[in-house]
A.B. asks: 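If you scroll down you'll find the structure; I have some questions about it.
Below, chains carry the letters A, B, ... as their sequence lines are ordered, and counting in each starts from 1. Just so it is clear, the values below take in all heavy atoms, side chains as well, and ignore hydrogens, waters and symmetry mates.
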Amino acid sequence: MDIPGLYNYWIVIVLMMTGFYIVIARGNLIKKIVGLNIFQTSVFILYISMGKVDGGTAPIIAEGVERYSNPLPHVLILTAIVVGIATTALGLALIVRIRAAYGTIEEDEIHAQNTMKDADG
Amino acid sequence: MIAAHLPILQIVVPLVAAPACLALGRGRAAWLLALAVSWAALGIAGGLLATVLRDGPVSYALGNWAPPWGIEYRVDALNAYVLLIVAAIGAVVLPYARRSIADELPAHQHAAFYTAFLLCLTGLLGVAITGDAFNLFVFLEISSLSSYVLIGLGRNRRALTAAFQYLVMGTIGATFIVIGIGLLYMATGTLNMADLAARIPAVAHSRTVLAALAFLAVGATLKIALFPLHGWLPNAYAYAPSAVTAFLAATATKVSVYILVRFLFTVFGPAYSFEQLALHNLIVPFAVIAIVVCSTVAIFQNNVKRMLAYSSVAQIGYMMLGIGLGTATGISAGLVHLFNHALMKGGLFLALGCIALRVGSVRLEALAGLGRTMPLSAFAFVIGGLSLIGVPLTNGFISKWILVQATLEQGAWGLALVVLFGSLLAVAYIWRVVEVAYLRPPPDGARRREAPLSMLIPTWILIGASVYFGIDTSLSLGVAEIAARILTGGAG
């Protein structure tokens, strides 16, 4: 298997699984958001990597250059980065509100408070 | 010509109005604007459906960039059907929202609420109208982000944790979808759905395309809340403000079902998804478990809103069962239930919102004697419940009838029995509410206090529509059948 040639993609997979694992395994809400960020970042790298054309330069028209990298995935991922930032900001804002309401940002402690009072209504 | 630009107006009108609502600030101006916009969106969606049924699919090139290079909005019978559902629910919920939101949110949040509501509407309409895979992801995130905000506005502090949980699950789902879209772009070099459909067969056997399908399917099922990925839904619906629950329950998961259907049938094609990969072996069992398990869980809920939320997960099972069969009848059954369930569940949650306004709680024991103290709201709940069960002369019966037909067509007696068994479970949980509301006496000193008309009328519009579409199915079933024919490869 061509591991050096697929270096970027291996990094993508490692980051993706790392982020995913943090989201699932960590009970601290901030750490969950960090994990989510790492998970999303891996997708950014995936898109950016696929835009690379062998021997191509930056996609700016210049004399004597015939091969350009594909700029479209880069543009797409700019949008995804904006979405990622919005998600992070909203997630953090919710955490601030959760801390004000529960006095903690640990998932198990929040859960304990919820079941203790069983404030269902 | 305005008519030629209907597809873009469908999106731009609510999108531009959303920040304007914020600028209008306190008072009723923001609500009036949101109301006008939601009605305009319904008018546009109706116009688009009429055009599509008359002249066939509409294609609109954004900024005049010809597809497949530019973003294309492509409206066929399926898109127009989903657009109409989303816009109609938005237009009914907004008149209701004013009183309900005034009761549940502090005054300084009202303008922000209508902004988030319109953004959510924009996102859902955008997902349903676009013909570009990446654009679909962007609209999905617009609707998701605004729905996290809307859910987090609930009065109970558990709304915050519910919103956070949905944010985490929803982001994972949407990221899976964007990974899938990226892999498809890698394999084919295009993002336009029609173009993708033309190019995928040539590379269908590569692992990239297989992985793309896997990521897209899992991502979409997370947003659909198909069992076992439904964990975020019950709390999100139970603790969101009443108007938000009604709107999201009737639209958000439906639009996600549309995403899955669009990718499985239009982009990958039924031959690939169902004949080669046999995805029905995955979808049908999960749908069956959703119907049986979540209907059973619903019976044991003491919070009626959470009961209806579990019932929603079960009803999603019916839709996915029909779609998972992969036949034209099965897809019609899934799509018609998508339409019918939006009406009945929207109506039920609106009725529950009326009750929450007057009683101040949606716990089962708080509903005692409601048949006498709030006869109109309680009766709306009963009709909606009958529709959920699938009693003849309600639209729920039509859904189940077609679904049973679709299973029998395949000789799958077991599945037909599951559908009937699911209805029995629905009888059980609806009966618990009816028993408390009608057979128990109201608490001492309770007077007759019906909800205000501005909330009762929208509730009864949806409940009335549930009955109407149980009798006249030319719109609901008619368009679903056309869409199913297109999806399975026949001519529209």
A.B. asks: Checking heavy atoms, do the side chain of B:Val138, its backbone, both or neither come under 4.5 Å from chain A?
C.D. replies: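 Only the side chain of B:Val138 comes within 4.5 Å of chain A.
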A.B. asks: Please classify the contact of B:Ile151 with chain A as side chain, backbone, both or neither, using a heavy-atom distance under 4.5 Å.
C.D. replies: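 No part of B:Ile151 comes within 4.5 Å of chain A.
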A.B. asks: Please identify, among A:Asn70, A:Val82, A:Leu76, the residue contributing the most non-hydrogen atom pairs under 4.5 Å to chain B.
C.D. replies: A:Leu76
A.B. asks: Dump the intermediate steps for side chain to side chain contact (heavy atoms under 4.5 Å, CB included) on B:Val149 and A:Leu94, then the final yes or no.
C.D. replies: CA-CA 9 Å; B:Val149 174; A:Leu94 280 172; over 6 Å; no
A.B. asks: Any idea which heavy atoms bring A:Val23 and B:Val168 closest together, and the distance?
C.D. replies: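 Answer, listing the atom of A:Val23 first, then B:Val168: CG1-CG1, 3.4 Å.
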A.B. asks: Starting at CZ of A:Arg97, measure out to CG of B:Leu153 and round the result to the nearest 0.5 Å.
C.D. replies: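 Interatomic distance, A:Arg97 CZ to B:Leu153 CG, rounded to 0.5 Å: 7.5 Å.
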A.B. asks: Which heavy atom in A:Gly91 sits nearest to a heavy atom in B:Phe164, and how many Å separate them?
C.D. replies: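 Shortest heavy-atom separation between A:Gly91 and B:Phe164 comes out as O-CE1, 3.9 Å.
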A.B. asks: To the closest 0.5 Å, what do you measure between OH (B:Tyr185) and CG (A:Leu72)?
C.D. replies: 4.0 Å
A.B. asks: Go through A:Tyr47 and B:Met186 one step at a time and tell me if the side chain to side chain contact (heavy atoms under 4.5 Å, CB included) criterion holds.
C.D. replies: CA-CA 9 Å; A:Tyr47 268 75; B:Met186 237 169 170; over 6 Å; no
A.B. asks: Restricting to non-hydrogen atoms, name the atom on B:Phe137 and the atom on A:Val83 that form the minimum distance, rounded to 0.1 Å.
C.D. replies: CZ-CG1, 4.3 Å
A.B. asks: Using a 6.0 Å cut-off, check whether atom OH of A:Tyr9 has over 12 heavy atoms from anything other than its own residue.
C.D. replies: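 Enclosed: over 12 neighbouring heavy atoms sit under 6.0 Å from OH of A:Tyr9.
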A.B. asks: With a 4.5 Å heavy-atom cut-off, do B:Phe134 and A:Thr79 have their side chains touching?
C.D. replies: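 Yes, close enough: below the 4.5 Å cut-off.
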A.B. asks: Decide yes or no on side chain to side chain contact (heavy atoms under 4.5 Å, CB included) for A:Phe20 and B:Ile172, but give the supporting numbers first.
C.D. replies: CA-CA 8 Å; A:Phe20 205 27; B:Ile172 291 172; 3.7 Å; yes
A.B. asks: How about A:Arg26: does its CZ atom have over 12 heavy atoms from other parts shown lying under 6.0 Å from it?
C.D. replies: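 No.
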A.B. asks: Can you tell me how far the CD atom of A:Gln113 sits from the CZ atom of B:Arg157, to the nearest 0.5 Å?
C.D. replies: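 Here the rounded value is 5.0 Å.
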A.B. asks: Do the ring planes of B:Phe176 and A:Phe39 sit parallel (below 30°), tilted (30 to 60°) or perpendicular (above 60°)?
C.D. replies: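 Correct class here is tilted.
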A.B. asks: When rounded to the nearest 0.5 angstrom, what is the spacing between OG1 in B:Thr161 and CD1 in A:Ile110?
C.D. replies: 6.5 Å
A.B. asks: I need the A:Met16 CE to B:Thr175 OG1 distance, nearest 0.5 Å.
C.D. replies: 9.0 Å
A.B. asks: Has B:Arg358 got more than 12 heavy atoms of other residues, nucleotides or ligands less than 6.0 Å from its CZ?
C.D. replies: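 Count over threshold, so yes.
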A.B. asks: Taking the side chain as C-beta and beyond, is there a heavy-atom pair between A:Ile33 and B:Leu167 under 4.5 Å?
C.D. replies: yes
A.B. asks: Non-hydrogen atoms of chain A under 4.5 Å away: do they reach the side chain of B:Ile142, the backbone, both or neither?
C.D. replies: neither
